[in-house]
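These notes concern the structure reproduced below.
Atoms within each ligand, like the ligands themselves, are counted from 1 in listed order.
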Amino acid sequence: MSHGNTGAVVAATAPAKINLSLGVGPNRSDGFHTLATVYQAIGLYDRVTVRPADETTVAVTATEGRVPVHDVPLDATNIAVRAARLLAEHHGFERDVEITIDKGIPVAGGMAGGSADAAATLLACDQLWGLDSAREDLLLVAAELGSDVPFALLGGTAIGTGRGETVTPLMTRGKYWWVVLESPRGLSTPEVYRTFDDLSGGEVGDPAIPDALMLALRGADVEALGASLTNDLQPAALRLRPELGAALEQGLEESALGAIVSGSGPSCLFLCQSRSHALHVATALRACDLGPVSSAPGPVHGARVVAAEGTA
Ligand code: ATP
């Protein structure tokens with residue numbers, strides 16, 4: 001049975017996330033690691049469109065053409081489908097939607113593209129179904145879907161604790177430019193964590209956010225920020241993909257102020273002085289033919305509805 005206004009359509013976008021620092025602590029009894037991280041949302045976006053339907057479906061496109069999407073599942077395991085179902089369940093009803101995801105965020109790239117889709121789907125369905133959920137409520141549903149989903153709703157720059165799902169916004173005034181080097185092949189986040197466990201032999205302390213990073217953010221000091229980027233998963237990502245080490249070196253040689261693997265990788269991030277500096281570094285990296293290269297500002301806003309027709 002179909003529900004609601006069948007002509008209705010809502011579209012929402014959500015940004016990629018990067019981790020300015022990613023401190024990884026012990027493996028918890030639930031299988032997740034304790035994290036202490038500083039997230040930043042950057043200007044690469046997925047766009048999710050939802051329409052009422054008789055059964056829930058998901059289709060994936062990449063109109064920018066940059067992102068290969070063959071690894072994105074098209075069944076109920078797609079996190080956008082899970083997000084729509086969980087939101088309906090949370091409100092005690094069942095409702096089907098046709099979901100279209102247009103990918104601008106690399107898949108399995110350590111930039112939480114799936115989490116962005118989940119956050120955009122929550123906002124789009126919330127509006128499609130006229131729920132008008134409180135932000136706190138959506139954040140709770142988001143945390144159930146995945147560790148990075150609450151931050152995708154929030155955007156900006158924020159501290160993440162717990163397994164990353166507890167987010168605290170940071171009021172910072174700096175505006176930064178990032179160059180993103182994508183990899184032709186994604187990396188499995190669980191495999192990177194397993195390698196982290198192997199490398200650390202299970203001997204890890206509680207994770208912390210470096211003071212130098214907080215100071216750099218407070219002072220909007222781009223050079224200090226470049227010097228204080230950290231990622232505890234980087235050695236594991238480099239173990240699985242040794243060629244990433246050379247890519248990071250190359251970016252620094254091309255004058256980037258900092259270079260780091262994004263989250264669990266394999267995307268690499270290069271901090272730049274300005275938009276024009278980012279264009280320069282991007283051009284130089286493109287010439288090395290290591291993978292697709294783009295540039296993006298950060299921080300940017302979190303998920304938001306960008307188009308709606310026929311809703312209440
Ligand atoms: P994580 O969020 O686990 O750190 P990631 O950022 O590296 O992962 P994602 O693009 O979020 O990478 O995808 C991780 C995996 O999740 C993919 O390999 C894919 O199988 C699965 N997946 C499920 N739904 C989606 C989706 N909507 N978009 C992308 N991947 C999805």
Side-chain angles (χ1 to χ4, degrees), residues 12-19 22 24 31-33 35 37 39-42 44-50 56-62 64 66-86 97-125 142-153 160 163-165 167 180-196 231-234 236-237 240-241 244 260-269 291-292 303:
T13 58
K17 69 88 204 180
I18 62 175
N19 304 81
L22 178 53
V24 181
F32 289 100
H33 289 75
L35 302 184
T37 186
Y39 291 115
Q40 184 163 91
I42 66 165
L44 295 181
Y45 299 93
D46 280 1
R47 179 185 174 106
V48 175
T49 307
V50 296
T56 293
T57 57
V58 61
V60 183
T61 59
E64 276 180 33
R66 205 187 71 252
V67 175
V69 297
H70 43 78
D71 284 341
V72 180
L74 299 176
D75 57 14
T77 64
N78 190 299
I79 193 168
V81 173
R82 289 177 45 227
R85 295 212 161 128
L86 191 63
V97 276
E98 177 191 315
I99 303 170
T100 310
I101 302 172
D102 193 27
K103 284 247 157 227
I105 305 174
V107 175
M111 302 185 80
S115 304
D117 298 345
T121 305
L122 287 179
L123 275 191
C125 288
E144 237 180 278
L145 287 162
S147 305
D148 293 335
V149 186
F151 177 70
L153 279 176
R163 56 181 164 84
E165 86 288 13
V167 280
V180 181
L181 170 66
E182 295 168 26
S183 265
R185 274 181 313 131
L187 258 179
S188 146
T189 304
E191 194 183 353
V192 176
Y193 273 100
R194 272 195 301 275
T195 308
F196 171 86
N231 180 356
D232 285 355
L233 290 182
Q234 184 161 306
L240 293 166
R241 292 284 168 80
L244 298 180
I260 197 166
V261 168
S262 180
S264 53
S267 302
C268 292
L269 302 165

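Taking any N or O of G265, backbone or side chain, none lies under 3.5 Å from an N or O belonging to ligand 1. At least one N or O atom of N78 sits closer than 3.5 Å to an N or O atom of ligand 1. Close N/O approach between L187 and ligand 1 is not found [any backbone or side-chain N/O within under 3.5 Å]. Polar contact with ligand 1: present for G110 (N/O pair, distance under 3.5 Å).
Rounded to the nearest 0.5 Å, atoms OG (S188) and CG (L240) are 8.5 Å apart. For the atom pair T37 OG1 and D148 CG, the distance stands at 8.5 Å (nearest 0.5 Å). Rounding to the nearest 0.5 angstrom, the gap separating the CD1 atom in I105 from the CZ atom in R47 is 13.5 Å. N78 CG to I101 CD1: the interatomic distance, rounded to the nearest 0.5 Å, is 4.5 Å. Note that OG1 of T56 and CZ of R82 are 14.0 Å apart. Values are rounded to the nearest 0.5 Å.
For ligand 1 and K103, the ligand atoms under 4.0 Å from any heavy atom of the residue are 28 (N), 29 (C). Using a 4.0 Å cut-off to heavy atoms of V72, the atoms of ligand 1 that qualify are 26 (C), 28 (N), 29 (C). Listed by number with element, the atoms of ligand 1 under 4.0 angstrom from any heavy atom of V107 are 10 (O). Of all atoms in ligand 1, listed by their number and element, those nearer than 4.0 Å to a heavy atom of D71 are 19 (C), 20 (O). Within the listing of ligand 1, atoms 6 (O) sit less than 4.0 angstrom from a heavy atom of M111. Ligand-side atoms of ligand 1 in range of G113: 6 (O), 10 (O), 11 (O), range being under 4.0 angstrom from any heavy atom. Residue I101 approaches ligand 1 through these ligand atoms, each under 4.0 Å from one of its heavy atoms: 27 (N).
Atom 6 (O) of ligand 1 has as its closest protein heavy atom A112 N, 2.6 Å. Of the protein's non-hydrogen atoms, the one nearest atom 11 (O) of ligand 1 is G114 N, 2.8 Å. At the top of the distance list for atom 3 (O) of ligand 1, counting protein heavy atoms only, stands T189 OG1, 3.1 Å. When hydrogens are left out, the protein atom nearest atom 15 (C) of ligand 1 is A108 CB, 4.9 Å; that is the closest non-hydrogen contact. For atom 31 (C) of ligand 1, the nearest non-hydrogen atom of the protein is P73 CD, 3.9 Å. Closest to atom 24 (N) of ligand 1, if we only count protein heavy atoms, is I79 N, 3.1 Å. Nearest protein heavy-atom neighbour of atom 27 (N) of ligand 1: D117 OD2, 2.8 Å.
Between the Q234 side chain and the V261 main chain, a donor and an acceptor come within less than 3.5 Å of each other. Counting only distance, with no hydrogens or angles, the side chain of Y39 and the backbone of G164 share a donor-acceptor pair below 3.5 Å. Panel note: side chain R66, backbone E182; no donor-acceptor pair is recorded below 3.5 Å. S262 contributes no side-chain N or O that, together with a main-chain N or O of S267, makes up a donor-acceptor pair within less than 3.5 Å.
When non-hydrogen atoms are compared, ligand 1 lies under 4.0 Å from neither the backbone nor the side chain of S188.
For residues 186-196, the set of pairs meeting the salt bridge (charged side-chain N to carboxylate O under 4.0 Å, His left out) definition, not counting sequence neighbours, is empty. Residue pairs that meet the salt bridge (charged side-chain N to carboxylate O under 4.0 Å, His left out) test with at least one member in residues 102-121, sequence neighbours left out, are D46-K103, K103-D117.
Remark: atom 29 (C) of ligand 1 lies closer than 4.0 Å to at least one protein heavy atom.
Under the 4.0 angstrom criterion for non-hydrogen atoms, G109 is in contact with ligand 1.
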L22/L35 under side chain to side chain contact (heavy atoms under 4.5 Å, CB included): CA gap, chis, key distance, verdict: CA-CA 7 Å; L22 178 53; L35 302 184; 4.3 Å; yes
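A donor-acceptor contact closer than 3.5 angstrom links the side chains of T189 and S264.
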